[in-house]
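First listed ligand is number 1; within each ligand, the first listed atom is number 1.
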Amino acid sequence: MGLALLKLGGSVVTFKDKPLSVNKNVINRISKQLRKVKKPLIVVHGGGSFGHYYSVKYDMHTKPARYDLHGVSVVKCSMVELNNHIVKIMMKNKLNPYTVQPSSLMQGTKSIRSKMHELKELAVNGLIPVTHGDVLHYGNRSYYILSGDVLMSILAKELKPDIAVFALDVDGIYSDVRSKHLIREIKAASQAKFSEVPIDVTGGMSRKIREAFKMSKMGIDVLMVNGLKPERIMNALNGKNEGTIVRGVK
Ligand code: IP8
């Protein structure tokens with residue numbers, strides 16, 4: 001049975017504008033939906049008002065550099081804390097999550113192949129490996145922020161899932177943010193010229209789309225759905241698009 005990858009956005013699992021606040025209610029509802037998923041699943045979550053909040057505070061970025069070491073500690077600790085909140089809520093809902101530290105999957109900015117494949121094995125065995133965006137060691141006293149979005153395409157490249165789902169705090173990709181006009185499907189033809197697709201995006205959203213495009217070029221269907229409506233996540237994992245689908249190039 002095919003593998004599915006699910007990214008729970010930081011703005012879904014936390015309240016983004018209030019530091020260190022977990023959206024327990026939505027994680028609870030998502031967990032209930034995940035109980036119905038019948039295929040091997042790997043979950044990646046973002047940083048939201050935990051890691052993202054502190055990485056901004058300590059001016060840390062995806063580019064490797066000699067960031068403030070106290071910032072490195074604080075960001076790392078906050079991600080462990082958020083992860084623990086999430087897996088505990090999942091367990092309360094009788095799921096079997098298994099946290100995997102991103103630092104065990106990566107050597108610098110390169111993935112460790114055997115470790116990636118072990119994640120798949122855990123998922124096939126019935127656990128739900130849960131990993132996340134993080135601050136990682138790059139080498140030479142440098143560190144970098146690994147976004148969960150980037151981790152999704154790193155996992156996809158190695159594990160070739162059937163489907164990848166991004167749970168967002170909006171309905172999908174908009175062609176116009178103000179009118180909330182949703183793009184239902186982006187096909188292969190337009191992908192070669194990503195920059196020419198009339199997409200209206202800001203900040204984190206453009207990274208998600210970039211990673212989604214990368215994955216679709218690997219042949220994977222990528223669905224972007226509203227994670228604040230958890231049944232849409234379940235439907236997306238089963239291939240039903242209630243947001244935007246970036247079609248895999250077959
Ligand atoms: O929210 C970022 O992960 P993302 C994680 O998936 C940190 O971009 C530590 C900022």
Side-chain angles (χ1 to χ4, degrees), residues 5-23 26-27 30 42-87 97 99-106 108-109 111 116 119 129-138 142-157 161 164-170 173 201-215 222-228 233:
L5 298 185
L6 169 63
K7 164 81 197 294
L8 298 175
S11 47
V12 172
V13 291
T14 74
F15 297 104
K16 262 221 142 158
D17 11 330
K18 191 163 167 253
L20 303 179
S21 54
V22 186
N23 192 339
V26 94
I27 301 169
I30 290 172
I42 295 175
V43 173
V44 178
H45 66 80
S49 66
F50 285 73
H52 184 71
Y53 169 79
Y54 283 116
S55 63
V56 171
K57 182 167 171 183
Y58 285 93
D59 197 23
M60 293 158 68
H61 306 275
T62 52
K63 186 173 176 312
R66 295 185 176 184
Y67 296 114
D68 180 345
L69 290 181
H70 192 67
V72 173
S73 298
V74 170
V75 170
K76 176 73 198 174
C77 179
S78 72
M79 288 310 297
V80 170
E81 203 177 324
L82 173 59
N83 175 265
N84 223 1
H85 278 293
I86 294 172
V87 294
T99 296
V100 177
Q101 289 286 331
S103 57
S104 77
L105 298 172
M106 305 290 293
T109 49
S111 61
M116 298 259 150
L119 275 196
V130 181
T131 188
H132 51 82
D134 208 349
V135 56
L136 293 184
H137 182 217
Y138 179 69
S142 296
Y143 295 83
Y144 72 102
I145 298 290
L146 173 67
S147 164
D149 300 333
V150 174
L151 186 51
M152 283 285 281
S153 65
I154 294 174
L155 286 166
K157 189 167 173 217
V165 175
F166 283 81
L168 321 168
D169 65 344
V170 290
I173 302 175
V201 286
T202 49
M205 193 63 178
S206 74
R207 182 174 52 224
K208 280 181 212 310
I209 298 171
R210 198 168 52 235
E211 298 308 318
F213 271 64
K214 262 194 225 165
M215 285 188 255
V222 183
L223 282 86
M224 325 275 275
V225 297
N226 195 335
L228 301 174
I233 296 179

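- Contact of the Thr14 side chain with the His85 side chain is not registered, since no non-hydrogen atoms from C-beta on lie closer than 4.5 Å.
- The only option from Ile30, Asn226, Asn23, Ile233 that meets the side-chain contact (heavy atoms from CB on, under 4.5 Å) definition with Val12 turns out to be Ile30.
- Formation of a donor-acceptor pair under 3.5 Å by the Tyr67 side chain with backbone atoms of His61 is found in this model.
- Screening Leu8, Val87, Val13 against Ile27 for a side-chain contact (heavy atoms from CB on, under 4.5 Å) leaves a single residue, Val13.
- Residues Leu136 and Tyr144 form a side-chain contact, since some pair of their non-hydrogen atoms from C-beta on lies under 4.5 Å apart.
- Sorted by chain then number, the residues whose non-hydrogen atoms approach ligand 1 to under 4.0 Å are Lys7, Gly46, Gly47, Gly51, His52, Ser55, Val75, Met79, Gly133, Asp134, Ile145, Ser147, Gly148, Asp149, Arg207.
- Not a single side-chain hydrogen bond (donor to acceptor under 3.5 Å, both in side chains) links Glu81 to another residue, sequence neighbours left out.
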